[in-house]
Amino acid sequence: MIVVLKYGAKDEEVQQVCQMLEEAGYKSAVWRGVERTVIGAIGVVDEEVKTRLMEQIGSLPFVDNVIRVLRPYKMVSREWKQEPTLVPIRDKLVGGNHLIIMAGPCSVESREQIYEAALGVQRHGADVLRGGAFKPRTSPHTFQGLGYEGLKMLREAADAVGLPIVTEVMDPRDVEAVAELADVLQIGTRNMQNFTLLREVGQTKKPVLLKRGMSATIEEWLQAAEYVCVEGNPHIILCERGIRTFETYTRNTLDLSAVVAAKQLSHLPVIIDPSHGTGRRDMIIPMALAGIAAGADGIIVEVHPNPARALSDGTQSLSIEEFGRMMRSLEPVAMAVGRSLYASLSEAMFPVKHDGETTLPPKESDLPSVFPVKHDGETDGITLSEFEFGILVGLLIGEGHIGSDGRQPQITLRMHAQHEPLFRWLLERVPGSKLYGPYHHGGRHYYQWMVRGKTLKQLFTLLERVPWNQFSPHLSARLQQLKNLYGLGATEEEKETEALS
Ligand code: PEP
Ligand code: MN
């Protein structure tokens with residue numbers, strides 16, 4: 001059952017409900033959303049006790065509603081939590097505005113191979129490096145992966161280019177060791193219902209990439225996610241990787257309707273795997289585009305420096321160059337559905353809390369109190385250069401991005417069409433900038449403004465001249481963090497000089 005409290009419920013009231021649930025034999029879990037607080041009851045109790053308890057709790061004055069959850073999964077359901085879950089992978093978030101791209105070889109084969117792959121995918125804007133060290137191969141006579149040695153190589157290569165890693169763990173006995181080196185633990189399709197393994201990764205704090213079993217229904221997939229969640233790990237990313245059908249032309253049938261269904265039924269982020277989903281290199285890019293258009297939160301794709309010589313899954317791996325092409329093809333589709341492809345400054349600006357949730361970017365309606373924008377582009381009490389002003393507005397409404405198109409750094413701002421005058425104004429003043437749109441998505445019309453071709457360092461210099469502290473104490477700190485992330489932070493020497501002056 002789920003207990004929904006009335007708006008503004010006090011801590012003691014939350015406590016009281018938890019106590020009642022626990023006395024009846026349930027475990028309780030509290031979720032404080034933006035709009036409402038809900039308390040979930042986990043466990044099995046006698047039907048009669050349950051009905052009585054529901055009545056008692058339902059009659060408390062601060063309780064809005066008590067819902068009996070009939071679905072076989074609860075904590076991962078939309079009833080439990082309406083807001084989408086954002087899964088943090090280092091300083092990126094899966095499930096937010098930014099699409100997460102995980103790329104790399106099926107298997108780690110050698111130091112040279114994984115370094116080359118890491119460099120290649122990072123250069124084209126991947127967020128996470130993938131690579132299998134423990135491989136679930138259908139035949140025991142094929143390459144089985146390099147195991148722990150491969151995992152160490154993957155870690156080193158990823159560190160060299162500053163990316164987090166995702167890698168499969170197959171055996172509950174390996175979970176601890178793999179979790180020590182990996183940023184994301186992948187549960188493969190063949191293990192989706194390995195309940196011991198699910199419970200084990202549920203006891204870690206690492207995000208879990210849960211692939212859909214190749215013969216699993218959507219409901220079974222969500223119950224597998226529930227296994228991880230009830231152990232205390234809510235950081236789950238669902239991955240549709242293709243299912244078995246009668247079709248043999250493709251290796252699997254990538255079920256894009258499952259992406260839509262999973263997002264309707266659950267608050268968890270969902271990504272797609274067009275490599276395993278099709279088994280064919282020539283279908284990866286079109287299916288990646290379709291997946292993002294269908295609402296997926298990202299992609300995991302196999303990329304190999306030399307697919308023809310790959311020890312596993314070469315036929316469904318992109319070359320590095322093709323991966324670059326995929327990223328460029330994705331950009332307009334991402335834009336059209338209101339998502340961004342390259343690392344988002346605004347998301348990094350809003351601190352991730354320990355439970356993996358973020359403080360939400362300010363709503364546009366909250367803007368005037370934070371940042372009084374006038375239509376002539378002036379602000380009250382503060383003079384900003386034109387360029388800075390545009391960036392600041394973008395950041396404050398949570399829709400500004402700094403990243404790279406794979407070749408050069410860029411800043412993009414997306415704003416509601418009602419701000420069109422601001423864009424026109426920026427367009428006139430920032431040489432080389434471009435305006436795209438208007439786009440229509442989710443009942444909103446917006447434009448995207450973009451400038452490329454400056455060095456990142458210059459872009460940061462511009463950003464730093466904005467007196468962030470006057471808007472929010474978080475902003476300068478986050479900007480500094482971001483500079484560090486891009487390797488542009490102050491050196492120890494510079495910090496010392498600063499401390500002395
Ligand atoms: C993989 O990602 O290389 C893999 C083995 O995936 P799946 O479990 O989806 O087959
Ligand atoms: Mn593979």
Side-chain angles (χ1 to χ4, degrees), residues 84-87 89 92-104 121 124-128 130 166 184 209-212 218 237-243 250 252-278 280-303 316-318 322-344 346-347 399 401 403-406 410 412 414 436-444 446 448 450:
T85 285
L86 303 177
V87 175
I89 303 180
K92 294 185 175 147
L93 295 172
V94 191
N97 185 64
H98 173 56
L99 298 172
I100 290 286
I101 309 296
M102 308 184 179
V121 301
H124 290 296
D127 299 288
V128 180
R130 67 149 285 154
V166 55
V184 183
L209 180 71
L210 180 62
K211 289 201 156 191
R212 178 179 177 190
I218 294 164
I237 305 159
L238 299 169
C239 177
E240 162 58 40
R241 51 80 68 200
I243 50 173
T250 44
N252 290 292
T253 298
L254 186 65
D255 181 6
L256 292 183
S257 62
V259 173
V260 183
K263 290 196 70 89
Q264 283 168 353
L265 297 169
S266 171
H267 50 81
L268 296 175
V270 184
I271 69 168
I272 57 151
D273 178 345
S275 288
H276 294 87
T278 62
R280 298 177 57 118
R281 183 178 312 129
D282 59 352
M283 290 190 175
I284 293 177
I285 299 181
M287 293 316 282
L289 302 184
I292 295 306
D297 297 296
I299 289 169
I300 182 165
V301 62
E302 291 186 330
V303 178
Q316 57 182 46
S317 302
L318 297 177
E322 286 164 334
F323 174 65
R325 198 179 319 142
M326 182 191 93
M327 293 297 276
R328 289 191 292 278
S329 317
L330 274 173
E331 198 171 356
V333 176
M335 251 188 222
V337 294
R339 313 290 293 260
S340 79
L341 196 53
Y342 300 110
S344 154
S346 53
E347 275 170 21
E399 304 208 346
H401 305 280
S404 151
D405 66 347
Q410 65 182 32
T412 51
R414 196 180 45 240
Y436 300 92
Y439 297 102
H440 182 76
H441 179 64
R444 301 178 4 169
Y446 59 89
Q448 180 129 339
M450 181 185 293

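All figures in this text were calculated on a predicted structure; none of them were measured in a lab. The basis for the numbers below is simple: all heavy atoms, side chains too, and nothing from hydrogens, waters or symmetry mates.
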**OP:** Kindly compute the distance separating CD1 (I243) from CD1 (I218), expressed to the nearest 0.5 Å.
**Re:** 8.0 Å
Original post:
Step by step, would you call Q316 with M283 a side-chain contact (heavy atoms from CB on, under 4.5 Å)?
Top reply: CA-CA 9 Å; Q316 57 182 46; M283 290 190 175; over 6 Å; no
Subject >> Pairwise distance CG(D273) to NZ(K211) - rounded to 0.5 angstrom >> reply: 4.0 Å
Subject >> Separation between CG of D127 and NE2 of H98, rounded to the nearest 0.5 Å >> reply: 3.5 Å
**OP:** Starting at CD1 of I285, measure out to CE of M326 and round the result to the nearest 0.5 Å.
**Re:** 7.5 Å
Original post:
Is a side-chain N or O of S275 found less than 3.5 angstrom from the main chain of S317, in a donor-acceptor match?
Top reply: no
Original post:
Under the side-chain contact (heavy atoms from CB on, under 4.5 Å) criterion, do I101 and H124 qualify, and how do the steps go?
Top reply: CA-CA 10 Å; I101 309 296; H124 290 296; over 6 Å; no
**OP:** Can you measure from CG (L318) to CG (D282) and round to the nearest 0.5 angstrom?
**Re:** 10.5 Å
Original post:
Where is the tightest heavy-atom contact between V259 and G295, given as atom of each residue plus distance?
Top reply: CG1-C, 4.2 Å
Original post:
So which heavy atom on V87 is nearest to which on P269, and how close?
Top reply: CG2-CG, 3.7 Å
**OP:** Looking only at non-hydrogen atoms, find the nearest pair between I272 and A288 and report the distance.
**Re:** CD1-CA, 4.0 Å
Original post:
If only atom types and distance count, is the side chain of R130 paired as donor or acceptor with the main-chain N or O of A103 below 3.5 Å?
Top reply: no
Original post:
Just by modelled atom types, is the L254 backbone N or O under 3.5 Å from a matching donor or acceptor in the N252 side chain?
Top reply: no
Original post:
Can you tell me if E240 uses its side chain to pair, donor with acceptor, with the backbone of D255 under 3.5 Å?
Top reply: yes
Original post:
Looking only at heavy atoms, what is the nearest atom pair of A126 and M327, with distance?
Top reply: N-CE, 4.4 Å
Subject >> Student check: side-chain heavy atoms of E331 and R328 closer than 4.5 Å >> reply: no
Original post:
How long is the span from the CG atom in L238 to the CG atom in L265, to the nearest 0.5 Å?
Top reply: 10.5 Å
**OP:** List the steps and the verdict of side-chain contact (heavy atoms from CB on, under 4.5 Å) for I299 and L330.
**Re:** CA-CA 11 Å; I299 289 169; L330 274 173; 3.8 Å; yes
**OP:** Could you tell me whether a side-chain N or O of D297 sits under 3.5 Å from a main-chain N or O of I271, the two making a donor and an acceptor?
**Re:** no
**OP:** Let me see the working for I89 and I237 under side-chain contact (heavy atoms from CB on, under 4.5 Å), right down to the final yes or no.
**Re:** CA-CA 11 Å; I89 303 180; I237 305 159; 4.1 Å; yes
Original post:
Picking from V301, T250, L256, what satisfies side chain to side chain contact (heavy atoms under 4.5 Å, CB included) with M287?
Top reply: L256
**OP:** Search all heavy atoms of C239 against all heavy atoms of I300 and return the closest pair with its distance.
**Re:** SG-CG2, 3.8 Å
